[in-house]
Each structure stands twice: as C-alpha cells, then as structure tokens.
Protein chains: 2
Amino acid sequence: MSVTLADVAARAGVSAATVSRVLNGNYPVAGETRSRVLRAVEELEYVVNGPASALAAATSDLVGVLVNDIADPFFAVMASAVQSEMSPAADGSGLSGQKMAIICNTGGSPERELTYLTLLQRQRAAAVVLTGGTVEDPAHTEALATRLRRLSDAGTRVVLCGRPPLPGHDALTVTFDNRGGARRLTEHLLSLGHRRLGYLAGPTARTTTRHRLEGHHAALSEAGLAGEATLTVHGAYDRASGYDGALELLRREPRLTAILAANDTVALGVCAALRDRGLRIPQDVSVTGFDDLPFAVDATPALTTVRLPLADAGARAGRLALDRETPPVGGVATYHADLMARASTAPPSRPGP
Amino acid sequence: MSVTLADVAARAGVSAATVSRVLNGNYPVAGETRSRVLRAVEELEYVVNGPASALAAATSDLVGVLVNDIADPFFAVMASAVQSEMSPAADGSGLSGQKMAIICNTGGSPERELTYLTLLQRQRAAAVVLTGGTVEDPAHTEALATRLRRLSDAGTRVVLCGRPPLPGHDALTVTFDNRGGARRLTEHLLSLGHRRLGYLAGPTARTTTRHRLEGHHAALSEAGLAGEATLTVHGAYDRASGYDGALELLRREPRLTAILAANDTVALGVCAALRDRGLRIPQDVSVTGFDDLPFAVDATPALTTVRLPLADAGARAGRLALDRETPPVGGVATYHADLMARASTAPPSRPGP
DNA sequence: CTGTTAGCGCCTTCAT
DNA sequence: ATGAAGGCGCTAACAG
C-alpha cells in the first residue's frame with residue numbers, strides 16, 4: 001500500500017497527531033519538530049489521503065459547479081471565474097485546504113441537475129454553485145428547493161449564479177438583469193426607427209427566456225406598440241436555432257427589419273441565415289445578440305448586444321461559495337446588462353408604417 | 001449528524017453489511033430484503049458518505065481533467081467530451097459508482113499542473129486526463145513523468161489528450177497530427193500561389209507550437225522554399241496576440257500575402273488587425289486558423305483552417321480513462337487534421353516573384 | 001508543545 | 001443470503 005501518516009510519524013520520530021498538525025498548520029508545533037516532519041514527508045513522498053481526512057474532519061475540499069454545457073462559452077466563462085477564486089498559488093505552496101471544483105454538465109436537464117446535487121451531497125461538497133437559468137416548472141422548483149435545503153442542512157453552502165432566487169430556499173444569489181438588457185436592446189432598435197421586429201426566444205419555460213421576453217415586451221408597451229404583432233419564435237440556445245428561427249421569422253413576416261436573438265450564439269445563426277438569403281446586415285435587417293461573448297465583437301458586422309459581466313459574477317459567486325466575501329444585503333446581487341451598440345444595427349432602410 | 005448506513009440498517013431490520021451490499025449491488029441479496037432496505041433509504045433520505053466509502057474501499061469516483069483554461073473553447077470542447085463519457089443517466093438511476101470530473105485550470109503553468117496532480121493524488125482520483133499541449137522543458141518533463149508515475153503506481157489511470165506521448169511514462173495517449181495539419185495549411189496556400197507567408201506561432205517551448213511550426217517548415221522545404229524568409233512571430237494563443245502579431249508581421253514584410261495563425265482564436269485577431277489596416281481578406285491577405293472551433297465558420301470571411309476532432313478525442317480519452325475501451329496498439333491514437341478550405345484564403349492578387 | 005485515545009462511516013473478509 | 005467484526009487513514013478532544 002501507499003505511505004500513510006503513521007509511516008511519516010515513525011520516520012520523523014513523532015506521533016501521527018503531530019504530523020497531522022504540521023500538515024494542516026492550524027496548530028502550534030515546534031520549529032525543530034516541524035522541519036523534521038516535513039523532511040520525512042519529502043523523503044517518503046507522502047501525499048495526504050483526501051477521503052480519510054474528509055471523513056475524519058467531516059469536511060471536504062470539493063466544490064460543485066453545475067452548468068448546462070461547459071462547451072458553451074456562456075457557462076465556460078462563469079465556471080472559469082468561479083474556479084479562479086479557488087485556484088492554488090502557482091508555486092504550489094500551502095496545499096492544505098485547497099478547494100477543487102467539480103464541474104457538472106447537466107445538459108439543461110432538470111433530472112440530471114437533481115442527480116448531480118445528490119452526487120455532490122454524497123461527496124459532502126463544501127459548496128455548490130448553480131449557474132445559468134433554470135426550468136420553470138413547479139414540480140422541479142420544489143424538488144430543487146428540497147434538495148438544496150438538504151444540502152444546506154448538511155453544511156454545504158449553496159450559491160446561485162445567473163439565475164433568479166429560488167422560491168423555497170434562501171441561497172445566496174448573483175443574478176443578471178435580463179429584463180433590463182432585453183429592454184435596452186429593444187429600445188435601441190425602436191429608437192433607430194424599427195417597427196417590425198422579430199424576436200427569437202430561447203427554450204420555453206426557462207427563467208432567462210421569460211425575463212428577456214418580458215423586457216422586450218415592456219419596451220414595446222412603453223413605446224405604445226404593445227398591440228403590434230409581436231413576432232416570436234422559440235428555439236434552443238444554439239446556432240442552428242438561430243438559423244432556422246430566422247428563416248421562420250422571415251417566412252411569417254418578410255418585411256421585418258430587425259431580429260433580436262436569444263443570445264449571441266443564436267445571433268450568429270441568424271446572421272448566417274440572412275446572408276444565405278441575400279439580405280444585408282444591417283442595411284436590410286438589423287440583428288442583436290445577448291451576453292456579449294468574446295466572439296461578438298469579431299462577428300461581421302460586429303454584433304450589437306448587451307454585456308453580461310459573466311466573469312465578475314462567476315468570481316463573486318466563487319467567493320460567496322467559499323465564504324470569503326460578505327453576502328449582499330438581502331442575499332441577492334444583481335448585475336446590470338450594458339448595451340453594446342455595434343455595427344449589426346442601423347436605421348431601417350424602409351421605415352415602418 | 002446526518003443519516004448513516006447504520007440508521008438505514010436499523011430501520012430496515014438488517015445489518016449494515018446488507019445495506020451496503022444492496023447499495024453497491026455487487027452481491028446477491030434477497031429481493032424481499034432488498035426492497036425493504038431501499039424503502040428505508042427513501043424514508044430516511046439517506047445519501048452515501050462518499051469519503052467514507054472511498055476510504056474503506058480504497059477507490060474514488062473522481063476523475064481529474066487538467067486544462068489550460070476552460071474558458072477557451074479548445075479545452076472546453078475536449079473537457080465536455082471527456083465528461084460526457086461519464087455523465088449519469090438523465091433519470092438518475094444507478095448512481096453507484098458514478099464518476100465525477102474535477103476540471104482543473106492550470107492556466108498553462110507547469111507548476112500548477114504539478115500542483116493539481118498532487119491534489120488529485122490526494123483525492124485518490126480514479127483517473128487523470130491531461131489535455132492540450134505541454135511545455136517542453138526537460139526539468140518539467142521529468143517532474144511530470146515522476147508525478148504521473150506515482151499516480152499510476154497508486155492505481156490512477158493516466159490519459160493524455162491532445163499532446164504527444166510523454167517520454168518517461170507510458171500513459172495512454174490520444175493526440176492530434178499537428179504537423180500534418182500545419183503542413184496541409186501551408187501546402188494549400190502555396191498551391192494558391194502564395195510565396196510570402198507570415199507565420200504567427202504560439203508560445204515558445206510548447207509541443208503544439210513546435211509541431212505546427214515543423215509541419216509548416218516541412219511544406220516549405222518540399223516546395224523548395226526552405227531558404228525563403230520564414231517570417232515567424234511568437235505569441236500567446238489568444239486574440240490579442242493575433243492582432244499584435246499581424247501588425248508586427250506586416251511591419252517586417254509589408255508585401256506578405258498570407259498569414260498562418262497559431263489557431264482560430266489568433267486568426268480572429270489577425271483578421272481584426274488586417275481590417276483595421278484597410279486590408280481585405282482574402283484579396284489582399286489570406287488568413288488561416290487551426291482547430292476549426294465552432295466560430296470559425298461564422299467568421300467573415302469564413303476561416304480556412306484544419307479541423308481537429310476535439311470532441312471525438314475527448315470522448316475517446318474519457319473512455320480510456322474509465323477503462324471502457326481497449327487501448328490503441330502502442331498506446332497512442334493519433335487523429336488526423338482535415339483541411340477546411342473556406343473563404344479566407346484565395347490566390348494572391350499580386351503573385352510573388 | 002506533543003502523545004494517547006477514540007471514533008468518523010463504510011466495506012469486506014470470515015463465519016453462519 | 002445474511003451478520004459480526006476489524007480496519008481503511010486521519011482528526012480531534014483530552015491529557016500531560
């Protein structure tokens with residue numbers, strides 16, 4: 001078998017307890033003894049047994065991070081930021097208590113979300129961060145709240161990042177003003193003179209989808225256009241949905257002059273579809289995204305969108321999860337979504353009626 | 001405290017051993033007893049204590065995945081694929097033995113890479129997957145080999161994904177033909193008639209950088225252009241390096257007609273710089289990327305690049321890590337890099353001398 | 001400051 | 001097919 005604490009203790013001529021104290025450094029140990037222990041550790045190439053110490057100390061160094069899909073930049077950026085808050089020093093000093101992130105891909109499936117929470121509870125995770133929007137289904141909301149309550153009861157810190165507070169559980173929350181973002185985007189288009197807008201929404205029954213749609217409608221109402229044909233098509237948060245959705249919108253209303261996409265990735269699909277149709281952006285149709293992912297500025301034309309401070313939010317969530325930042329009042333921090341007006345939007349060439 | 005195996009046993013009127021056997025399902029248990037135990041588990045909301053079972057069984061359900069930066073799509077796609085091989089069924093059935101991935105961001109730092117390996121050894125990880133290229137430094141290579149050997153000795157499976165086999169350790173390896181890819185890209189440009197090429201290489205002393213550069217040179221030599229001014233500038237694998245690097249290349253050789261970027265992200269920066277300089281792509285300067293990340297096809301013009309089957313490779317690595325696929329002969333599987341000729345390359349308007 | 005003594009919760013022979 | 005018992009490696013009181 002491998003080297004254990006006892007081996008190190010024997011080699012250093014001290015008790016196991018002393019070795020443990022040296023390694024964890026939260027207890028006074030004589031300098032002399034200390035270096036003797038450290039030397040023995042070196043010589044024996046001893047590596048702490050994580051499970052054993054987790055069991056004995058009833059704590060763990062694991063932090064769960066739930067994402068829909070880590071290959072989606074939206075989640076990758078947040079997850080990366082969460083992680084950056086617990087990354088070890090480059091020199092590898094002080095590894096004790098070093099937290100490690102377990103990133104779990106739920107694929108947007110509510111069931112899998114619950115499954116992963118169980119798995120994380122099994123690992124006795126120190127904290128759990130749930131990122132991105134969630135499904136709006138009473139049954140799932142309740143199941144989720146129950147699971148999270150069990151986790152909190154077991155001492156696991158729970159933080160929500162990029163989704164609204166969960167009814168039935170008072171987890172710390174870092175969220176985005178999705179409504180405001182969509183409203184600003186819509187206002188921007190209206191102020192340019194657009195009147196025939198198409199909205200490509202995300203999957204139904206998801207918080208982000210609903211909030212963005214609400215912001216869109218709010219802007220329309222304020223402009224006295226509430227009654228206007230609110231052309232809306234739902235789809236997934238991916239490029240293909242953008243492509244198909246744009247074609248569908250054009251089929252329904254060939255005269256539309258602007259399309260608001262559910263997010264930047266979808267917007268890319270929209271742009272591709274418009275190009276394939278021989279329509280120019282923004283001369284014929286203006287396009288907007290959402291999120292301001294890194295590639296948005298490199299799209300041609302550069303994409304008008306709203307910026308979500310994903311990295312800031314993720315980092316904040318990470319700190320809250322590690323209890324290294326005082327929680328915001330009320331437990332909820334909301335990040336503003338700034339309009340990034342770029343080249344994909346312009347006044348319509350044929351003003352509306 | 002929380003519910004333990006003993007509690008369940010008491011409730012079900014059986015011994016702890018029996019409960020354990022039911023939960024792990026690798027031992028015959030009477031159907032009657034079995035369901036009684038399962039009911040007790042339900043009623044008590046019992047959740048296995050991971051650390052405790054890991055300690056007792058001397059095995060763990062954790063799998064480490066090392067990446068440079070999870071926010072970089074190159075790594076995110078691979079990591080996601082590795083993970084997909086161990087994701088639980090959506091219905092949450094059969095959670096026992098469910099593996100979980102710990103994704104570690106090394107930031108490209110060799111020290112941190114070693115640190116994370118120690119941390120994973122501490123967790124007694126079932127397997128470790130190292131993704132992406134690595135630093136070519138004898139000291140680090142040796143330190144890495146040593147660390148990996150300790151891991152293997154401790155029973156952890158080690159898989160390399162996206163990097164060449166490591167001298168000094170016979171880890172299973174899934175790698176890409178970076179040389180071939182760069183060669184094909186260069187041949188493509190040469191066949192279009194380009195003679196003044198600029199090469200924007202990645203960071204020095206990294207395997208991917210070197211291999212791609214070698215492929216580039218090989219193509220040049222074969223075309224009898226070995227002596228030609230091989231304009232090369234090194235930079236990081238990010239957009240900013242592409243932007244700055246392109247300007248630097250143009251400064252050194254204003255007449256160049258093509259730029260090969262270290263990867264797609266860098267290529268995006270190159271395109272931005274060229275546009276800002278008023279140069280048209282591909283009429284004035286052709287541009288190529290590497291990797292064929294999702295956004296490459298949406299760039300304008302669509303980026304000519306070579307496709308690395310990142311998802312396939314990641315999935316393969318995942319299966320090898322879980323010992324669910326017979327290893328390739330020799331322990332090394334190499335994936336081909338296909339040329340994706342798109343709109344960012346064309347014959348030079350002013351043919352070379 | 002350091003050693004001693006109990007567990008932490010589970011798995012796994014070994015009996016039965 | 002099930003129960004009993006020991007131990008996995010470490011930490012946390014409690015003495016000294």
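Every chain is numbered from 1, with letters handed out A, B, ... down the list of sequences.
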Exercise. What's the verdict on side-chain hydrogen bond (donor to acceptor under 3.5 Å, both in side chains) for A/S87 and A/S84, showing C-alpha distance, side-chain angles and the deciding distance?
Worked result: CA-CA 5 Å; A/S87 78; A/S84 69; over 6 Å; no
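- Across the protein-nucleic acid pair, A/Q121 atom CD and C/dG9 atom C1' stand 15 Å apart, rounded to whole Å.
- Between A/T4 and the phosphate of D/dG9, there is no side-chain N or O to OP1/OP2 separation shorter than 4.0 Å.
- Considering only side-chain atoms of B/A57, the nucleotide from C/dC11, D/dA4, D/dT11 that sits closest is C/dC11.
- Distances shown here put every side-chain N or O of B/T18 at or beyond 4.0 Å from the OP1 or OP2 atom of D/dT2.
- Contact check for B/R124 versus A/S2: side-chain heavy atoms found under the 4.5 Å cut-off.
- In the set D/dG3, C/dT2, D/dT2, D/dG3 carries the atom at the smallest distance from any side-chain atom of B/V14.
- What separates CG of B/L5 from C1' of D/dT2 is a distance of 15 Å, to the nearest Å.
- Dashed line: the shortest gap from a side-chain N or O of A/S20 to OP1 or OP2 of D/dT11 is under 4.0 Å.
- B/A30 comes within 4.0 angstrom of sugar-phosphate atoms only, judged by non-hydrogen atoms across all strands, and of no base.
- The 5' end of DNA chain D is approached more closely, in terms of each residue's nearest nucleotide, by B/R36 than by the other of B/A52 and B/R36.
- Among the heavy atoms of the strands lying under 4.0 Å from B/L55 is at least one base atom, whether or not backbone atoms are also near.
- One interatomic measurement links the two molecules: OH of A/Y27 to P of C/dC1, which rounds to 10 Å at whole-angstrom precision.
- Checked against D/dT2, C/dC11, C/dG3, the side chain of A/S15 finds its nearest nucleotide in C/dG3.
- With contacts defined as side-chain heavy-atom distances shorter than 4.5 Å, the pair B/L38/B/R34 qualifies.
- Atom CG of A/N26 and atom C1' of C/dC1 are 15 Å apart (whole Å).
- The shortest side-chain heavy-atom distance between A/L148 and A/L166 falls under the 4.5 Å cut-off.
- Look at A/N49 and you won't find any side-chain N or O under 4.0 angstrom from OP1 or OP2 of D/dC8.
- Legend: residues meeting side-chain hydrogen bond (donor to acceptor under 3.5 Å, both in side chains) with A/R150, ordered by chain and number and at least two apart, are B/E45.
- Comparing D/dG9, C/dC1, D/dT2 against the side chain of A/A56 picks out D/dG9 as the nearest.
- Distance CZ (B/R21) to P (D/dA1): 10 Å, rounded to an integer number of Å.
- For the pair B/S53 and C/dC10, the criterion of a side-chain N or O lying under 4.0 Å from OP1 or OP2 is not met.
- With 3.5 Å as the limit, one finds a donor-acceptor pair spanning the side chains of A/E113 and A/H140.
- In terms of phosphate contacts, B/T33 brings a side-chain nitrogen or oxygen within less than 4.0 Å of OP1 or OP2 of D/dT2.
- Rounded to whole Å, the distance from CG on B/L23 to P on C/dC10 is 9 Å.
- Remark: P of D/dA1 and CG of B/N24 are 17 Å apart, rounded to the nearest angstrom.
- Separating the OH atom of B/Y46 from the P atom of C/dG9 is a distance of 10 Å, rounded to the nearest angstrom.
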